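These values consider heavy atoms only, across backbone and side chains, with no hydrogens, waters or symmetry-generated copies. It should be emphasised that the depicted structure is a prediction, and the values quoted were computed from it without experimental measurement. In listed order, ligands and their atoms are each counted from 1.
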Amino acid sequence: MKKLTVNLGNNSYDIQIGSGVLGQAGHELSERGFTGQAVIITNPLVNNLHGDRLRESLTQAGFTASVLLVPDGEEQKSLTVAGRLYHELAEHYVERTTPILALGGGVIGDLAGFVAATYLRGVPLIQVPTTLLAQVDSSIGGKVALDHDLLKNKIGAFYQPKLVISDISTLKTLDPKILTDGLAEVIKYGVIWDKPLLTYLEDNLNRIKAFDEGALGEIVLRSAEIKAKVVATDERDTGLRAILNYGHTVGHAIEAVSDFKIAHGEAVALGMIAAARISNRMDMLKTEELIRLQNLIGQAGLPTRLPDYRLPDLIQAMKHDKKVTAGKIRFILPKSLGKVLLTDSVSLSLVEQILSGWKETD
Ligand SMILES: NC(=O)c1ccc[n+]([C@@H]2O[C@H](COP(=O)([O-])OP(=O)(O)OC[C@H]3O[C@@H](n4cnc5c(N)ncnc54)[C@H](O)[C@@H]3O)[C@@H](O)[C@H]2O)c1
Ligand SMILES: [Zn+2]
């Protein structure tokens with residue numbers, strides 16, 4: 001088992017990464033002074049696959065474990081579902097000190113996290129992420145959120161967990177497409193921070209795609225390390241944390257224009273290529289590095305070709321999503337692989353040129 005710490009003063013917490021760490025959850029909670037009741041929030045799919053192991057671990061450590069089930073799907077990240085969970089927590093006599101364990105992907109993590117942040121003005125939250133995306137991204141950093149009307153992830157809070165338990169063995173039951181989707185964020189960490197991680201990915205994609213626990217453990221650890229460092233520097237997202245948005249400026253626009261039919265990782269993959277192409281055109285990222293990045297994204301099984309969306313729709317979505325001032329959009333651009341720069345100097349017309357000139361090439 002590997003342990004990382006997110007250093008946030010009084011809000012610091014550990015991230016435990018390894019195969020089988022789920023079975024240690026009860027012990028780890030006892031060590032941290034929790035006793036009595038513990039509540040798991042999960043969905044039926046994840047519960048059937050991994051719920052027993054977590055529940056047994058809690059029971060063995062002397063906890064009374066209850067499981068609250070939420071159906072699968074992004075649409076569950078709603079005030080209505082949160083309201084239902086508050087009701088169930090009250091029925092279970094959950095107290096200020098009762099830990100809530102979010103067992104699942106980012107949807108469960110965000111929803112259970114929001115509920116933990118607000119119920120009784122905050123009960124302890126333990127993130128137990130079971131998708132690659134959740135282990136490398138959403139479980140770390142304390143952003144919890146719901147969707148409301150057109151406001152995706154806009155109703156939320158900063159609420160750090162007390163512990164993150166990332167059991168690599170849970171990833172083995174993922175649909176391969178969902179694993180691939182999560183790889184986009186891992187590639188992102190390589191581009192913004194860690195060029196050797198890109199080399200590791202290039203050398204080990206076959207092992208990763210075959211769900212090799214050693215290779216998965218390595219990419220989760222290295223990604224989580226980067227996210228933990230960035231978050232420790234900028235807990236409230238007022239500075240450095242912006243670099244985590246690499247690929248997301250265009251990515252979010254693609255998601256919106258596709259009416260959220262395209263997977264997040266696929267949209268981010270395309271957004272990363274768009275930003276890399278912009279950087280290349282601005283004489284920063286070298287052409288060979290751009291090609292290397294595109295090849296890695298393609299080999300990972302993510303798209304490298306922009307679907308046939310209408311350019312004005314994409315631009316409109318980008319204007320809606322991000323601050324656009326005087327015809328400029330804020331971008332995170334790779335200067336070289338492993339280093340990014342935040343800039344307000346990208347013109348809308350360059351973005352248009354890149355997006356419209358890209359379809360015919362790979
Ligand atoms: N809070 C943050 O900082 C942050 C960051 C990025 C994304 N997010 C949010 O995360 C969500 C996306 O998360 P996601 O990609 O994990 O999607 P998800 O939670 O919907 O999980 C994807 C699918 O995998 C299933 N699943 C989960 N674990 C499994 C396992 N071990 N085996 C088999 N199936 C499993 C889920 O039931 C679901 O069907 C979005 O709502 C997004 O807004 C939050
Ligand atoms: Zn993302």
Side-chain angles (χ1 to χ4, degrees), residues 6 19 22 41-51 53-54 69-78 81 102-114 116-117 125 127-148 151-161 164 166-189 192 211 216 220 223-224 227-228 230-231 235 237 241 243-252 254-255 260 262-272 302 332:
V6 186
S19 288
L22 204 60
I41 298 181
T42 186
N43 71 33
L45 173 68
V46 178
N47 189 41
N48 284 339
L49 293 165
H50 306 292
R53 277 204 289 155
L54 181 56
L69 291 177
V70 173
D72 201 357
E74 174 76 24
E75 65 283 1
Q76 301 302 316
K77 268 174 56 174
S78 69
V81 175
L103 174 70
V107 166
I108 288 291
D110 279 9
L111 170 67
F114 181 89
L125 168 66
Q127 290 282 7
V128 191
T130 62
T131 63
L132 182 58
L133 178 130
Q135 293 191 354
V136 302
D137 190 355
S138 58
S139 65
I140 307 164
K143 284 190 180 177
V144 297
L146 302 177
D147 306 329
H148 185 61
L151 303 169
K152 188 167 154 38
N153 284 333
K154 293 286 194 302
I155 309 298
F158 286 99
Y159 192 68
Q160 302 294 342
V164 181
S166 285
D167 190 331
I168 300 300
S169 71
T170 61
L171 302 179
K172 296 193 92 156
T173 55
L174 282 176
D175 182 316
K177 189 166 180 311
I178 290 169
L179 184 81
T180 300
D181 200 40
L183 275 177
E185 305 286 353
V186 179
I187 295 172
K188 177 188 85 179
Y189 290 119
I192 66 172
F211 292 90
L216 288 171
V220 170
S223 303
K227 176 117 191 211
V230 172
V231 165
E235 181 179 7
D237 200 1
R241 230 170 141 152
I243 68 172
L244 300 172
N245 277 331
Y246 168 56
H248 286 64
T249 307
V250 172
H252 284 151
I254 291 175
E255 278 185 295
F260 293 92
I262 189 165
H264 177 72
E266 293 179 342
V268 169
L270 292 166
M272 289 194 291
L302 291 159
I332 314 295

For S78 and L146, what are the C-alpha separation, side-chain angles and deciding distance, and is it a side chain to side chain contact (heavy atoms under 4.5 Å, CB included)? CA-CA 5 Å; S78 69; L146 302 177; over 6 Å; no
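- For the residues L174, D237, D175, the heavy atom positioned nearest atom 35 (C) of ligand 1 is part of L174.
- Protein heavy atom nearest atom 42 (C) of ligand 1, with residue, atom name and distance: K77 NZ, 3.8 Å.
- Taking all atoms of both residues into account, the shortest heavy-atom contact from P71 to Q76 is O-CG, 3.0 Å.
- The distance cut-off of 2.8 Å around the Zn ion (ligand 2) captures these protein N, O or S atoms, sorted by chain and number: E185 OE2, H248 NE2, H264 NE2.
- The one candidate from V70, L69, V128 that meets the side chain to side chain contact (heavy atoms under 4.5 Å, CB included) condition with I41 is V70.
- Counting heavy atoms closer than 4.0 Å to ligand 1, residue V46 contributes side-chain atoms (C-beta onward) but none from N, CA, C or O.
- Checked against a 3.5 angstrom limit, the closest N/O atoms of T170 and ligand 1 fall inside it.
- For atom 7 (C) of ligand 1, the closest heavy atom belonging to the protein is L133 CD2, 3.7 Å.
- Short contacts between ligand 1 and I178, defined as distances under 4.0 Å to a heavy atom of the residue, involve ligand atoms 22 (C), 23 (C), 24 (O).
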When you look at K188 and D137, which way does the side chain to side chain contact (heavy atoms under 4.5 Å, CB included) test go after all the steps? CA-CA 11 Å; K188 177 188 85 179; D137 190 355; 4.2 Å; yes
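- Set against the non-hydrogen atoms of H50, the atoms of ligand 1 under 4.0 Å away are 31 (N).
- The closest donor-acceptor contact from the side chain of R241 to the backbone of E235 lies under 3.5 Å.
- For H264, the heavy-atom gap to ligand 1 stays at 4.0 angstrom or more.
- Polar contact with ligand 1: absent for A134 (N/O pair, distance under 3.5 Å).
- Under the 3.5 Å distance criterion, the side-chain polar atoms of T42 are matched with a main-chain donor or acceptor of L103.
- Residue-level proximity to ligand 1 for N43 is carried by the side chain, the only part with a heavy atom below 4.0 angstrom.
- Counting heavy atoms only, N153 comes closest to atom 43 (O) of ligand 1 of the residues V107, N153, L45.
- Between Q135 and P129, the closest heavy-atom pair is NE2-O, 3.0 Å.
- Residue D110 touches ligand 1 through its side chain alone, judged by heavy-atom distances below 4.0 Å.
- Side-chain atoms of D181 come within 3.5 Å of backbone N or O of E266 as a donor-acceptor pair.
- Every atom of ligand 1 is numbered from 1 in the order shown, and the set under 4.0 Å from a heavy atom of T173 is 30 (C), 31 (N), 32 (N), 33 (C).
- If you check which protein heavy atom lies closest to atom 17 (O) of ligand 1, you get G106 N, 4.1 Å.
- Applying the side chain to side chain contact (heavy atoms under 4.5 Å, CB included) test to A145 and every residue at least two apart in sequence or in another chain returns N153.
- Taking every heavy atom of L49 and a limit of under 4.0 angstrom, the matching atoms of ligand 1 come to 32 (N), 33 (C).
- Residue-ligand proximity: K152 is placed with a non-hydrogen atom under 4.0 Å from ligand 1.
- Close approach of ligand 1 to D137 is summarised as follows: ligand atoms under 4.0 Å from at least one heavy atom of the residue are 5 (C), 6 (C).
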Start with the C-alpha distance between H252 and H264, add both sets of side-chain angles, then the distance that settles side chain to side chain contact (heavy atoms under 4.5 Å, CB included), and finish with yes or no. CA-CA 8 Å; H252 284 151; H264 177 72; 4.3 Å; yes
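- Against a heavy-atom cut-off of under 4.0 Å, D72 is close to the following atoms of ligand 1: 36 (C), 37 (O), 38 (C), 39 (O).
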Kindly determine whether L132 and V220 satisfy side chain to side chain contact (heavy atoms under 4.5 Å, CB included), including the steps that lead there. CA-CA 7 Å; L132 182 58; V220 170; 3.7 Å; yes
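- Here F260 pairs with K152, E255 under the side chain to side chain contact (heavy atoms under 4.5 Å, CB included) rule; sequence neighbours left out.
- The single protein non-hydrogen atom nearest to atom 28 (N) of ligand 1 is T130 OG1, 2.7 Å, given as residue, atom name and distance.
- If you check which protein heavy atom lies closest to atom 4 (C) of ligand 1, you get S138 CB, 3.2 Å.
- Per-residue contacts place E74 under 4.0 angstrom from the following atoms of ligand 1 (heavy atoms of the residue considered): 40 (C), 41 (O).
- Atom CG of D147 sits about 8.0 Å away from atom CG of D110, to the nearest 0.5 Å.
- Of the listed residues (T131, L244, V268), the one carrying the non-hydrogen atom nearest atom 27 (C) of ligand 1 is T131.
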Below 3.5 Å, can you tabulate the donor-acceptor pairs from side chains in residues 44-51 to any protein atom, sequence neighbours excluded?
unit_1: N48; atom_1: ND2; unit_2: P44; atom_2: O; d: 3.3
unit_1: H50; atom_1: NE2; unit_2: T170; atom_2: O; d: 3.4
unit_1: H50; atom_1: NE2; unit_2: T173; atom_2: OG1; d: 2.8

